Undergrad: 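Take this structure, written in C-alpha cells, and hold onto it; I'll ask about it next.
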Amino acid sequence: MVSSSSSPSATAAAVVLAVALMTTTCFHGATAQLCEDYYDSTCPDAYDIVKQVLVDAVQSDTRIFASLIRLHFHDCFVQGCDASLLLDSVPGMPSEKTSAPNNGSARGFGVVDAAKAALESACPGVVSCADILAIAAEISVELSGGPSWGVLLGRLDSKTSDFNGSLDLPEPTDNLTILQQKFSNLSLNDVDLVALSGGHTFGRVQCKFITDRLYNFSGTNMPDPTLDASYRAFLTQRCPRNGDPTALNDLDPTTPDTFDNNYYTNIEVNRGILNSDQELKSSPLAQGTTAPIVDQFAASQDDFFASFAQSMINMGNIKPLTDPSRGEVRTNCRRVN
Ligand code: HEM
Ligand SMILES: *[C@@H]1O[C@H](CO)[C@@H](O)[C@H](O)[C@H]1NC(C)=O
Ligand SMILES: *[C@@H]1O[C@H](CO)[C@@H](O)[C@H](O)[C@H]1NC(C)=O
Ligand SMILES: *[C@@H]1O[C@H](CO)[C@@H](O)[C@H](O)[C@H]1NC(C)=O
Ligand SMILES: *[C@@H]1O[C@H](CO)[C@@H](O)[C@H](O)[C@H]1NC(C)=O
Ligand SMILES: *[C@@H]1O[C@H](CO)[C@@H](O)[C@H](O)[C@H]1NC(C)=O
C-alpha cells in the first residue's frame with residue numbers, strides 16, 4: 001500500500017504501478033472475459049492452495065491427476081465450463097454425474113470438495129468451482145510431467161445441471177466424423193481434438209469400454225481388425241469376455257501416470273486403446289483425416305505440449321459464464337447457494 005507520507009518519486013512509482021495493474025486487472029461483469037489475474041487481489045494464494053490439496057491427494061491416489069483433468073473436460077463440454085457437472089441430483093434436476101458418460105466413471109469429486117473447503121477457509125465466497133476444475137487440470141498436467149500454462153479465470157458456477165446435454169459427450173465408440181462434429185460444435189478444431197485426446201496419456205479405462213473392440217466390433221462378432229494383435233492378446237487377458245466390466249487398464253501402458261506424447265506413438269503402432277483414439281489415425285488418405293496431426297505429435301513432444309496447452313485454454317473458454325445474474329460462486333460445489 002502507498003503510505004500518506006510517500007515521497008513524490010514513490011508516489012509517481014505507485015501511480016505507474018496502479019496504471020499497470022489497471023491494464024492487466026480483469027473487468028468483472030456480465031460481458032467479462034476470463035483472465036489470468038482474476039483472483040490476484042481477492043485470493044492471491046488460490047493456485048497454491050489447490051496445488052497443496054492435489055499434492056496431498058496423489059499420495060493415496062496415483063490416478064487423481066488424470067481423474068481431475070477429465071472432470072474439467074466433462075464440465076466444459078456440457079453447458080460450458082460452469083461446474084454444472086459437480087451438482088448433485090435434486091428433485092427435478094438430475095445430476096450430470098449420473099448420466100451414462102459419467103456414472104461410475106467420473107471421479108475425484110472428494111478432492112474438488114477438499115480444494116473448495118481450503119479455499120473457503122482462506123477466502124470465503126471468492127473462487128468458483130468451475131475455476132477450481134480449470135486450475136486443478138493445469139496443476140495435474142504439470143505435476144505429471146506435462147506442460148504448464150497460464151490458467152484463465154473468472155468463471156461463475158451455474159445454478160443448473162444439464163443431464164440431457166451430458167448424453168452428447170464424446171463416446172469411446174464414436175468415429176472420427178462424429179468426434180469432429182462434437183468438437184466443432186464447441187468451436188474446437190481438429191488440432192484441438194487431436195491434442196486434447198492426448199489427455200489419454202495417463203489414467204485408467206474400464207474393460208467395458210473396450211470389450212466391443214476385443215470381441216464384437218461393430219456387431220461383427222470379431223475383434224477390431226485395426227487393433228495391434230499382440231496388444232489385443234494382452235487386453236483379452238486383462239478383459240476376458242465375461243469378466244469384470246469395471247476392471248481397470250492403463251490408457252497408456254508404456255508410461256501410465258506420466259504426461260508425455262506416448263499416446264501418439266501408441267496410436268502409430270495401432271495401440272490406441274479406445275476406438276475413438278485409433279480413429280484419429282484412421283483412413284489417413286481420407287478427406288478430413290487427422291492422421292498428419294497424430295504424426296506430428298508422435299514425432300515431437302514439444303509440438304504436442306504447445307498445442308495441448310493452447311487447446312486446454314480453448315476448451316476452458318467454452319461458453320464462459322461470467323454474468324452475475326445467471327451464475328454465482330458456490331460455497332459448496334455440490335449444490336447451488
Ligand atoms: C475425444 C473424445 C474422448 C472420448 C471418447 C473419451 C472417452 C474416455 C473414456 C471412455 C474413458 C474411460 C472412463 C472409465 O473407464 O471410467 C476416459 C478416460 C479419461 N479421459 Fe477421455 N475421452 C475423450 C477425450 C478426453 C479429453 C479431451 C480429455 C482431457 C483433456 C480426456 C481425459 C481423460 C482422462 C485423463 C481419463 C482417465 C480418467 C481416470 O483415470 O480417472 N479424455 N475417456
Ligand atoms: C448409476 O450407477 C449406479 C450404480 O452402478 C446405478 O445404481 C444407477 O442406477 C445409475 N444411475 C443411472 C441414472 O443410470
Ligand atoms: C431430457 O430428455 C428426456 C428424454 O428425451 C425428456 O423427456 C426430458 O424432457 C428432457 N429434459 C429436459 C430438461 O430437457
Ligand atoms: C460415423 O458414425 C455415424 C453414426 O454412427 C455414421 O452415420 C457414419 O456413417 C459414420 N461415418 C463413417 C465415415 O464411418
Ligand atoms: C451440438 O450442440 C447442440 C446444442 O448446443 C446439440 O443439440 C447437438 O446435438 C450438438 N451436436 C452434436 C453432434 O453433438
Ligand atoms: C454383437 O453386437 C451386436 C450389435 O451390437 C449384437 O446384436 C450382438 O448380440 C452382439 N453379440 C454378442 C455375442 O454379444
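Remember, it's 1-based here, ligands and their atoms both numbered in the order they're listed. This chain uses plain numbering: 1 for the first residue, then up along the sequence. In this text the structure is predicted, and so the values were computed from the model without any measurement.
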Undergrad: Regarding Asp131 and Tyr39, do their side chains bring together a donor and an acceptor under 3.5 Å, going by distance alone?
TA: yes

Undergrad: Look at the rings of Phe73 and Phe77 and say which category their plane angle falls in: under 30° parallel, 30 to 60° tilted, over 60° perpendicular.
TA: perpendicular

Undergrad: At a non-hydrogen distance cut-off of under 4.0 Å, which region of Asn221 contacts ligand 6 (side chain, backbone, both, or neither)?
TA: side chain

Undergrad: Members other than Phe217 in its cluster, when Ile, Leu, Val, Met, Phe, Trp, Tyr link by side-chain heavy atoms under 4.5 Å?
TA: none

Undergrad: Sequence neighbours left out, what passes side chain to side chain contact (heavy atoms under 4.5 Å, CB included) with Ser184? Give chain and number order.
TA: none

Undergrad: Taking only non-hydrogen atoms of Arg241, do any sit less than 4.0 angstrom from ligand 6?
TA: yes

Undergrad: Just by distance, with hydrogens left out, do Ser84 and Glu96 show a side-chain donor and acceptor under 3.5 Å apart?
TA: yes

Undergrad: Show the atoms of ligand 6 that are less than 4.0 angstrom away from any heavy atom in Asn216.
TA: 1 (C), 2 (O), 3 (C), 8 (C), 10 (C), 11 (N), 12 (C), 14 (O)

Undergrad: Are the aromatic rings of Phe65 and Phe202 close, with centres under 6.0 Å apart?
TA: no

Undergrad: Once side-chain hydrogen bond (donor to acceptor under 3.5 Å, both in side chains) is applied, do any residues pair with Asp48, and if so which ones, sequence neighbours excluded?
TA: none

Undergrad: Check each atom of ligand 6 against the heavy atoms of Gly219 and keep those under 4.0 Å away; list them by number with element.
TA: 1 (C), 2 (O), 3 (C), 4 (C)

Undergrad: Parallel, tilted or perpendicular: which describes the rings of Phe304 and Phe297, with under 30° parallel and over 60° perpendicular?
TA: tilted

Undergrad: Extract all N/O-N/O pairs under 3.5 Å that connect ligand 5 to the protein, and present each with both atom names and the distance rounded to 0.1 Å.
TA:
residue, atom, partner, partner atom, Å
ligand 5, 2 (O), Asn185, OD1, 3.4
ligand 5, 2 (O), Asn185, ND2, 2.4
ligand 5, 11 (N), Asn185, ND2, 2.7

